Amino acid sequence: MKKKYSEILNYLDELLPNPHCELHYFNDYSLLIAVMLSAQTTDARVNIVTKELFTKYPNLEALKEANFNDLKDIVHSLGNYTKKAFNIKEIARILVDNYDGIVPKEREILETLPGIGRKTVNVYYAEYLKIPAIAVDTHVERVCKRLKLVPAKASVLEIEKTLMKNILEEQWGRRHLQLVLFGRYYCQAKNPSCQECQLKDICYFYKKKGKKN
Ligand code: SF4
């Protein structure tokens, strides 16, 4: 397994030497809200929406007092917009009322905020606080399962734990980003770029299905 990991990680370094978070943000809460909004949509779409959102409502107080229907209109293109608009207002309210407008660092507190789960906290930790964490999103899950780093039925938590066990802690944030970007731009759900991929020889998905692509 170690050899397999080093082959994959070396290839990711070659392909994505400077991975970075593609969500735009300017402080703690703007990242937290952007990650929450990114569920079931693309970062590019979220960036368009957050530009309008944070221009119109430039601080947490303004978001807390925002007109709910206006928030729904702003986030409409992201899908699940009623829930997402509610989450924005509620996150702003809780942060202003209970935490002096500062995003708390404790996972137990963060995960009580509406729309914020383990994956979002992991992204926030790795990206904003630089606390080592591996967020498993749909891209990371797909890549790990195609490469058989985890069993096909592994849960996201099992995937996270497997990656944490096999990757050096100081690399968690960077490897998460590389896996996300690899899944987003190379190993896509539909029509992955298998012919050019140097992981073909160790890829379970390719061996089973990719050869006919
Ligand atoms: S061979 Fe295809 S399916 Fe396998 S990791 Fe590469 S791009 Fe993904």
Side-chain angles (χ1 to χ4, degrees), residues 1-25 31 34-48 77-80 117-127 130-213:
M1 202 60 152
K2 269 204 161 43
K3 190 164 171 269
K4 191 172 182 179
Y5 269 91
S6 50
E7 197 169 336
I8 294 167
L9 299 181
N10 287 342
Y11 183 53
L12 291 178
D13 278 341
E14 204 179 293
L15 215 52
L16 300 154
N18 299 304
H20 64 275
C21 175
E22 293 188 326
L23 286 170
H24 297 166
Y25 64 94
L31 175 62
V35 181
M36 181 276 291
L37 292 175
S38 71
Q40 316 293 325
T41 187
T42 63
D43 287 1
R45 209 178 274 271
V46 172
N47 289 337
I48 294 170
S77 63
L78 301 179
N80 206 5
R118 183 174 180 86
K119 186 197 77 180
T120 304
V121 175
N122 284 353
V123 173
Y124 180 73
Y125 269 17
E127 176 66 20
K130 307 300 177 202
I131 295 173
I134 299 182
V136 178
D137 70 354
T138 180
H139 300 299
V140 177
E141 178 174 3
R142 183 175 64 254
V143 169
C144 289
K145 288 185 175 173
R146 284 178 171 176
L147 289 166
K148 250 199 168 170
L149 293 177
V150 294
K153 288 190 175 157
S155 67
V156 287
L157 187 58
E158 286 164 345
I159 298 170
E160 182 186 326
K161 286 183 175 170
T162 303
L163 293 175
M164 285 163 70
K165 201 168 74 186
N166 287 283
I167 295 174
L168 292 173
E169 188 172 336
E170 61 266 28
Q171 296 183 4
W172 289 352
R174 171 181 166 78
R175 297 311 189 182
H176 151 74
L177 284 171
Q178 287 177 321
L179 286 166
V180 170
L181 298 172
F182 181 61
R184 189 174 291 163
Y185 297 115
Y186 299 92
C187 187
Q188 299 99 328
K190 285 182 193 162
N191 304 320
S193 313
C194 297
Q195 290 309 328
E196 300 82 50
C197 179
Q198 289 179 24
L199 300 177
K200 280 200 289 281
D201 293 346
I202 58 168
C203 179
Y204 180 77
F205 178 88
Y206 179 74
K207 278 180 199 154
K208 288 284 176 202
K209 298 182 186 155
K211 279 180 182 165
K212 46 183 185 262
N213 286 350

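Values below: every heavy atom of this structure, side chains too, minus hydrogens, waters and symmetry copies. If you're wondering where the values come from, they're calculated on a predicted model, not measured in any experiment. Both ligands and their constituent atoms are indexed starting at 1 by order of listing.
The neighbour count for R45 CZ, taken as heavy atoms of other residues, nucleotides or ligands under 6.0 Å away, does not exceed 12. With a 6.0 Å radius and a threshold of 12 heavy atoms from other residues, nucleotides or ligands, K145 has its NZ atom above the threshold.
Closest to atom 3 (S) of ligand 1 among all protein heavy atoms lies F205 CD2, 3.3 Å. Looking only at protein heavy atoms, the nearest one to atom 2 (Fe) of ligand 1 is C194 SG, 2.4 Å.
In this structure, the side chain of R174 engages the main chain of P17 through a donor-acceptor pair within 3.5 Å.
Residue R146 approaches ligand 1 through these ligand atoms, each under 4.0 Å from one of its heavy atoms: 3 (S). Atoms of ligand 1 lying under 4.0 Å from at least one heavy atom of C203, given by number and element, are 1 (S), 3 (S), 4 (Fe), 5 (S).
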Exercise. Test salt bridge (Lys or Arg N to Asp or Glu O under 4.0 Å) on D13 and R175 and set out the steps.
Key: CA-CA 9 Å; D13 278 341; R175 297 311 189 182; 3.0 Å; yes

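Minimum interatomic distance between A126 and A133 (heavy atoms only, all atoms of both residues): CB-O, 3.9 Å.
Of the heavy atoms in C197, only side-chain atoms (C-beta onward) come closer than 4.0 Å to ligand 1.
Among the atoms of C187, no N, O or S atom is found under 2.8 Å from atom 4 (Fe) of ligand 1.
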